[in-house]
Number of protein chains: 2
Amino acid sequence: MNQPFSSVWTREPRPARSATLSRAQIVRAAIELLDAEGLDALSMRRLGAKLGSGATSIYWHVANKDELLELAVDEVYGRITLPGEDTAWREAVSAFAHSMRAVLLEHPWAAVLLGSRPSLGPNAVALVDGLMKVGRRAGFAGMAVDHAWSTLLAFVLGATTPEIAWRAALGSTRVSDTELMKATHSVAEDAVRDHPDLAAHYAQYKDMDVEAGRAAAFDFGLTCVLDGLQARLDRGDAPPSG
Amino acid sequence: MNQPFSSVWTREPRPARSATLSRAQIVRAAIELLDAEGLDALSMRRLGAKLGSGATSIYWHVANKDELLELAVDEVYGRITLPGEDTAWREAVSAFAHSMRAVLLEHPWAAVLLGSRPSLGPNAVALVDGLMKVGRRAGFAGMAVDHAWSTLLAFVLGATTPEIAWRAALGSTRVSDTELMKATHSVAEDAVRDHPDLAAHYAQYKDMDVEAGRAAAFDFGLTCVLDGLQARLDRGDAPPSG
DNA sequence: CGACAAAATCGAACGGTGTGCGATTCCTTT
DNA sequence: AAAGGAATCGCACACCGTTCGATTTTGTCG
């Protein structure tokens, strides 16, 4: 059985003969550490310390750090919710998108990883399965089903990632959110001198609730994507093959 | 002048009295190394070696590795093209999206970085300025201008990132693209056993051109976003404030 | 030209990383 | 009790980003 593409998911987890360390514990501890201190803070030594064991003991249960991260990411996938089959597709998709955004904002480290490698974990696969069911229910068929849900995923991921980046950049300083937003303007205005239109435009943001603004932007984009999907259904270019 | 948010762009580059090393050279060499061997392969020591100088000499021209990456990313921003003001907005946006996708596929390392930190470099700012002009020309006003272009950016980034991830995963093996795609199916089918619908669906992909399929998916999504933007213009909910 | 200061480069070193390996301990089964 | 696999551990290796002080190069002034 020569697998050219050996992934975590092709291998069974070690039997775990009720040992003091288990895959599940390790992943849980890793997620806690990641949530609390971010991606850079996760090292095998620190994780070992948190688990009260040697750093290298982890390697018995997990092949390497990458594989551990894959497991952690799939765990995050598992926390994204998708409404049941009785929900209208637009509502279902909207609820899913908001859930995914919320989960990613809660586990900021996952956003980068999620896009960085193919997602083949059980939770990810189950989620895609659910999304495809929604797509077919809406009226898509053939490849259009894939295109539909991957368009949606692309938007949510692409919209949330920079949001997280801003939070991280702001969070590394001490000041409050809006307060620092104003301070950033001096930098921005500096870089923006050659673009008066842009500068004038951003002046109107001086007194805005940043969080609310981001949520509004997300809803705007989501509405666009939904309308776009709807348009393709109406136009009938969502056929079984093409 | 207590900047809370000191970025590369607030500091002037070192005068560069025609030294043997300059910021521009360093960034150029870094990009070459990144293009050739990926993000993980870039270390200050290796970069120094490539430049024929000591590793630590670089720190005279650049504060740290993060700052170097910011410069490299902005360079990538600079290679994305946006059609001039005489182009209809739909065409302009479409051309931009395809250009951005192409550039990111050409510099895969940039995709992750691009979403990981706020983009305040001159090229990034210029690009946003241009996008906002297009947005206003289309008929958006107020915050809707921002929402429009950030929706677009979100889609392109979110769509291209997983594409790159797949390429990297496949590229790390020796086999050809479609060939390995088939081999992957055995893994997929394995993980997919509990999802017969999904498995059946993916069976139809066995004999498909992967690259072409991805391009089609991208165009599908882009059309959705464009239609969605158009819908908001028609409906008139792109007012100066709301 | 020599002198001197500033600019630029460099090597050594510090604390950290992921991980391979051999020795060691633990637990289960006979 | 003995044996043998399962699980843990410490050490070591090669590499990383970055700091710091010493060193070399370079431009300017007398």
Side-chain angles (χ1 to χ4, degrees), chain A residues 6-8 11-31 33-34 36-73 109 112-113 116-117 172, chain B residues 6-8 11-31 33-34 36-73 109 112-113 116-117 172:
Chain A
S6 146
S7 150
V8 212
R11 254 188 321 281
E12 285 299 305
R14 272 342 211 284
R17 218 173 37 174
S18 82
T20 58
L21 228 55
S22 80
R23 223 183 220 206
Q25 294 175 41
I26 292 173
V27 173
R28 196 181 338 128
I31 291 182
L33 221 161
L34 287 164
E37 311 197 37
L39 190 53
D40 291 339
L42 178 71
S43 78
M44 299 307 259
R45 287 176 233 267
R46 286 200 57 180
L47 183 57
K50 184 185 173 79
L51 287 164
S53 71
T56 59
S57 309
I58 302 170
Y59 285 90
W60 180 259
H61 306 272
V62 156
N64 49 38
K65 193 181 178 181
D66 262 12
E67 191 170 295
L68 172 60
L69 289 176
E70 269 189 73
L71 292 165
V73 166
W109 49 272
V112 203
L113 301 177
S116 302
R117 74 202 71 240
S172 67
Chain B
S6 146
S7 151
V8 212
R11 253 188 323 283
E12 283 301 306
R14 272 341 211 286
R17 219 175 34 175
S18 81
T20 59
L21 230 53
S22 81
R23 225 184 217 201
Q25 294 174 44
I26 292 173
V27 173
R28 195 180 342 126
I31 291 181
L33 221 161
L34 287 165
E37 310 199 36
L39 190 54
D40 292 339
L42 178 72
S43 79
M44 299 306 259
R45 284 177 235 265
R46 288 200 55 180
L47 183 57
K50 185 185 172 78
L51 287 164
S53 72
T56 59
S57 308
I58 301 171
Y59 285 90
W60 180 258
H61 306 272
V62 156
N64 49 37
K65 193 182 177 180
D66 263 11
E67 190 170 297
L68 172 59
L69 289 176
E70 269 188 74
L71 292 166
V73 166
W109 49 271
V112 201
L113 300 177
S116 302
R117 73 202 71 239
S172 68

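As the structure is a computational prediction, the values presented were derived from the model and not from experiment.
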Can you measure from [atom1] ([X]) to [atom2] ([Y]) and round to the nearest 0.5 angstrom?
| X | Y | atom1 | atom2 | answer |
| --- | --- | --- | --- | --- |
| Trp109(A) | Leu69(A) | CH2 | CG | 7.5 Å |
| Leu47(B) | Ser53(B) | CG | OG | 7.5 Å |
| Arg28(B) | Leu51(B) | CZ | CG | 9.5 Å |
| Ser116(A) | Asp66(A) | OG | CG | 10.0 Å |

Within a strict 4.5 Å, meaning less than it, do heavy atoms of the [X] and [Y] side chains meet?
| X | Y | answer |
| --- | --- | --- |
| Val27(B) | Val62(B) | no |
| Ile26(B) | Leu71(B) | no |
| Glu67(B) | Asn64(B) | yes |

Figure out the [atom1]/[atom2] separation between [X] and [N], and round it to whole Å.
| X | N | atom1 | atom2 | answer |
| --- | --- | --- | --- | --- |
| Lys65(B) | dT19(D) | NZ | P | 14 Å |
| Ile58(A) | dT8(D) | CD1 | P | 10 Å |
| Tyr59(A) | dC21(C) | OH | P | 13 Å |
| Ile26(A) | dG18(C) | CD1 | P | 14 Å |

(request) Specify the closest pair of heavy atoms between Lys65(A) and Met44(A), including all atoms of both residues, with the distance to one decimal. (result) CG-SD, 4.1 Å
(message) Just to verify, what does Ala55(B) make a side-chain contact (heavy atoms from CB on, under 4.5 Å) with, not counting sequence neighbours?
(response)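 So Ala55(B) forms a side-chain contact (heavy atoms from CB on, under 4.5 Å) with Arg45(B).
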(request) List for me each residue that meets side-chain contact (heavy atoms from CB on, under 4.5 Å) alongside Arg46(A), sequence neighbours excluded, and say none if there are none. (result) Leu33(A), Glu37(A), Ala41(A), Ser43(A)
(message) Filter on salt bridge (Lys or Arg N to Asp or Glu O under 4.0 Å), then keep only pairs touching residues 53-64 of chain B, sequence neighbours left out; what's left?
(response)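 Not a single pair qualifies under salt bridge (Lys or Arg N to Asp or Glu O under 4.0 Å).
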(request) Mind running a 4.0 Å heavy-atom check of residues 38-57 of chain A against DNA chain C and sending the residues that fall below it, in number order? (result) Leu42(A), Ser43(A), Met44(A), Arg45(A), Thr56(A)
(request) With the side chain of Trp60(B) defined as its heavy atoms from C-beta on, choose the nearest nucleotide among dA7(D), dA8(C), dT18(D). (result)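 Out of dA7(D), dA8(C), dT18(D), the nucleotide with an atom closest to Trp60(B)'s side chain is dA8(C).
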(request) Could you check which of dA8(C), dG18(C), dT18(D) has an atom nearest any side-chain atom of His61(B)? (result) dA8(C)
Below 3.5 Å between N/O atoms, which protein atoms pair up with nucleotides 22-25 of chain C? Just atom names and distances, please.
none

(request) Quantify the bending of the helix from dC1(C)-dG30(D) to dT30(C)-dA1(D) as the angle between its end axes, each fitted on five pairs, to 10°. (result)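 The two end axes of the helix from dC1(C)-dG30(D) to dT30(C)-dA1(D) meet at 10°.
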